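All chains are named by letter (A, B, ...) in the order of the sequence lines, taking the proteins before the strands, and each is independently numbered beginning at 1. Source: prediction; values computed, not measured.
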2 protein chains.
Amino acid sequence: MYDLILKNIARFIQLTPEETDRFTSVLKPRTLRKRQYLVQAGDVFRYECFVNKGSLRTYHVDNNGQEHIVMFAFEDWWTGDMYSFLSGQPALYNVEALEDVELLLIEKSQLEQLYIDIPKFDRFFRVLLQNAYISMQRRISDNMSLTAEERYLDFINRYPHFEQRLSQKQIASYLGITPESLSRIRRQMAGKN
Amino acid sequence: MYDLILKNIARFIQLTPEETDRFTSVLKPRTLRKRQYLVQAGDVFRYECFVNKGSLRTYHVDNNGQEHIVMFAFEDWWTGDMYSFLSGQPALYNVEALEDVELLLIEKSQLEQLYIDIPKFDRFFRVLLQNAYISMQRRISDNMSLTAEERYLDFINRYPHFEQRLSQKQIASYLGITPESLSRIRRQMAGKN
DNA sequence: CGTCTATTTGAATGTACTCAAAAGCGGTGG
DNA sequence: CCACCGCTTTTGAGTACATTCAAATAGACG
């Protein structure tokens with residue numbers, strides 16, 4: 001049950017056996033069925049979540065009722081609502097299971113105590129966030145620099161295995177276009193081959 | 001010279017006088033004149049940079065030669081090229097002074113030693129990055145959810161003091177639109193009052 | 001099987017873009 | 001100090017890419 005998360009952490013820090021026990025003791029397993037919500041915008045959500053199995057989407061609903069996917073989370077990724085976690089304010093985003101999901105949750109006050117007891121976890125999350133920062137910066141510049149078709153090509157090249165597990169509607173929403181537009185882009189691309 | 005950066009750090013961690021000395025000893029002051037580059041895409045850049053005075057823009061040049069501003073940095077903000085800093089690979093972005101600038105730089109190997117000697121700095125940058133994460137997520141969803149006019153309104157409401165220091169061309173580039181479009185949006189808005 | 005959702009396709013629309021040119025503004029050097 | 005040069009901003013005309021709305025088809029799930 002803890003294999004994947006311990007490997008995830010071992011990428012950046014080494015834990016002693018005692019520290020490993022201490023860490024796993026704060027993890028709360030949780031499962032969600034497809035289409036269940038981990039977070040609904042407006043709720044306070046005080047957990048950081050590691051995805052052990054399955055996939056989720058984090059999305060925002062705009063003033064016109066349109067949904068926009070801000071991020072996906074698959075096995076071996078972390079998710080949640082950072083704003084609500086940090087501020088204690090209502091969450092900005094919805095996080096919904098796209099498949100049946102197994103999660104490991106860390107509650108805020110327990111994570112804060114963990115940071116105090118084992119400062120290596122400050123380091124771990126620092127490094128994790130540095131990598132997230134790079135990805136998000138890239139997402140921002142890609143959204144400004146690339147056409148819809150280029151963004152789609154980039155997506156399927158970078159995440160070929162995930163693409164298969166997502167509907168076109170979800171991918172379109174992540175790319176910032178309508179499902180109709182993505183369908184047309186795919187038709188065009190098929191014609192080119 | 002170190003007042004602003006020490007206050008910046010004191011937002012999240014407390015340093016002893018010795019730790020403060022240790023920290024300031026790794027800071028390298030650097031000044032740039034308006035239009036000088038801190039980083040050029042393609043260079044390796046191994047510094048994290050605190051802006052003591054002035055402003056900079058981080059931008060990306062796309063395949064058509066168009067520039068897109070990924071972030072601004074003003075007094076009391078941090079900047080650099082996280083990708084190059086972390087990976088040692090050539091920088092993805094250009095960072096250019098928009099005004100005369102005073103910076104405090106921390107070299108990578110010195111920061112790594114600082115993390116080891118004073119783990120509180122792991123914590124400091126973790127918290128800093130959490131806040132950056134929230135901002136960037138918001139930027140991504142705003143870019144997908146809002147019209148150009150709404151993004152402009154949001155920008156001038158959130159950064160009214162910075163707006164005055166930026167040309168419309170820079171703001172347009174940050175908002176992901178052309179200067180012509182921003183000019184038209186402003187004309188429209190003026191008509192509404 | 002039947003229902004609900006996703007995908008495709010078409011037609012009309014719209015928002016922002018490109019290209020072009022004029023006007024405005026700021027900085028620099030004579 | 002003024003004149004000039006270059007860059008920014010404005011404005012117009014035409015265009016392109018993606019959208020909306022609508023409807024048909026395909027596919028998934030109970």
Side-chain angles (χ1 to χ4, degrees), chain A residues 32-36 54-55 57 59 61-69 72 96-100 142-156 162-193, chain B residues 33-36 55 57 59 61-69 72 96-100 142-156 162-193:
Chain A
L32 293 175
R33 307 283 288 280
K34 184 172 176 169
R35 248 159 281 188
Q36 279 189 310
S55 58
R57 64 178 182 135
Y59 70 91
V61 182
D62 73 18
N63 295 331
N64 298 319
Q66 301 270 17
E67 297 179 359
H68 303 279
I69 295 180
F72 293 114
E96 182 200 20
L98 294 172
E99 302 170 306
D100 290 354
D142 281 358
N143 278 338
M144 293 197 293
S145 304
L146 304 179
T147 64
E149 177 171 350
E150 290 168 329
R151 294 202 298 281
Y152 177 61
L153 278 167
D154 189 60
F155 183 83
I156 60 180
F162 297 143
E163 186 229 350
Q164 298 159 13
R165 291 162 61 183
L166 298 167
S167 67
Q168 287 179 217
K169 189 186 173 186
Q170 307 298 346
I171 295 172
S173 175
Y174 179 85
L175 297 176
I177 59 178
T178 58
E180 293 94 329
S181 291
L182 181 54
S183 175
R184 282 183 249 268
I185 285 165
R186 287 165 52 87
R187 182 174 43 160
Q188 295 258 319
M189 284 171 47
K192 285 181 187 168
N193 299 336
Chain B
R33 306 284 288 279
K34 185 172 176 168
R35 249 158 279 185
Q36 279 189 309
S55 58
R57 63 177 182 137
Y59 70 92
V61 182
D62 74 19
N63 295 331
N64 299 319
Q66 301 271 16
E67 297 179 359
H68 303 278
I69 294 180
F72 293 114
E96 182 200 20
L98 294 172
E99 303 169 306
D100 291 353
D142 281 359
N143 279 337
M144 294 197 292
S145 303
L146 304 179
T147 64
E149 177 173 351
E150 289 169 329
R151 294 201 299 278
Y152 176 61
L153 279 167
D154 189 61
F155 183 83
I156 61 179
F162 297 144
E163 187 229 349
Q164 298 159 12
R165 289 162 62 182
L166 298 168
S167 68
Q168 287 179 217
K169 189 186 173 188
Q170 306 299 345
I171 295 172
S173 175
Y174 179 85
L175 297 177
I177 60 178
T178 58
E180 293 94 330
S181 291
L182 181 55
S183 176
R184 280 183 250 268
I185 285 166
R186 287 165 52 87
R187 182 173 42 160
Q188 295 259 318
M189 285 171 46
K192 285 181 186 168
N193 300 336

* To do: Write down the distance between CG (A/L175) and P (D/dA18), rounded to a whole number of angstrom.
  => 11 Å
* Structure fact -> Between A/S173 and A/E67, the two heavy atoms sitting closest are OG-O, 3.3 Å
* Could you state the NZ-C1' distance from A/K169 to D/dG27, rounded to the nearest angstrom? -> 14 Å
* **Aromatic contact, B/F162 with B/F72 (centres under 6.0 Å)** => no
* **Nearest to side-chain heavy atoms of A/S183, which nucleotide of C/dA6, C/dT9, D/dT9** => C/dT9
* Asked: Atom CG of B/L166 and atom P of D/dC7: how far apart are they, to the nearest Å?
  -> 19 Å
* Could you give the CZ-to-C1' distance, from A/R184 to C/dA12, as a whole number of Å? -> 11 Å
* Find the distance A/H68:NE2 to D/dT19:P and express it as a whole number of Å. => 10 Å
* Asked: Going by atom types alone, do B/R186 and B/Y152 pair a side-chain donor with an acceptor below 3.5 Å?
  -> yes
* **Spatial distance of atom CG (B/L182) from atom CE (B/M189) [nearest 0.5 Å]** => 9.0 Å
* Under 4.0 angstrom, heavy atoms only, what part of the nucleic acid is A/Q66 near: base, sugar-phosphate, or nothing? -> sugar-phosphate
* To do: Could you pull out the closest heavy-atom pair between A/D100 and A/R33, with the gap in Å?
  => OD1-CA, 3.4 Å
* **Residues A/E99, A/R165: salt bridge by 4.0 Å N-O rule** => yes
Report, one pair per line, the protein and nucleotides 14-16 of chain C atoms (nitrogen or oxygen only) whose separation is under 3.5 Å.
unit_1, atom_1, unit_2, atom_2, d
C/dA16, OP1, B/A148, N, 3.1

* Asked: If every non-hydrogen atom of B/I185 is compared with every non-hydrogen atom of B/E149, which pair is closest and at what distance?
  -> CD1-N, 3.9 Å
* Asked: Within the pair B/Q170 and D/dT8, is there a side-chain N or O less than 4.0 Å away from OP1 or OP2?
  -> no
* To do: Could you pick out which residue, B/R35 or B/Q168, lies toward the 5' side of DNA chain D when each is mapped onto its nearest nucleotide?
  => B/R35
* Structure fact -> Looking only at heavy atoms, the pair that brings B/K169 and B/P179 closest together is CG-CG, 4.0 Å
* Structure fact -> Output for pair (A/I171 CD1, A/L166 CG), nearest 0.5 Å, gives 5.0 Å
* Atom CD of A/E180 to atom P of C/dT7: distance rounded to whole Å? -> 11 Å
* Checking all strands, does A/K34 fall into the base, sugar-phosphate, or nothing category for heavy-atom contacts under 4.0 angstrom? -> sugar-phosphate
* To do: Measure the distance from CG on A/L98 to C1' on C/dT5 and round it to the nearest whole Å.
  => 15 Å
* Asked: Between D/dC17 atom C1' and B/N64 atom CG, what is the distance in whole Å?
  -> 14 Å
* Asked: Looking only at side-chain N and O atoms, does A/R187 come under 4.0 Å of OP1 or OP2 in C/dG10?
  -> yes
* Axis bend over the full length of the helix from C/dC1-D/dG30 to C/dG30-D/dC1, computed from five pairs that close each end, to 10 degrees -> 50°
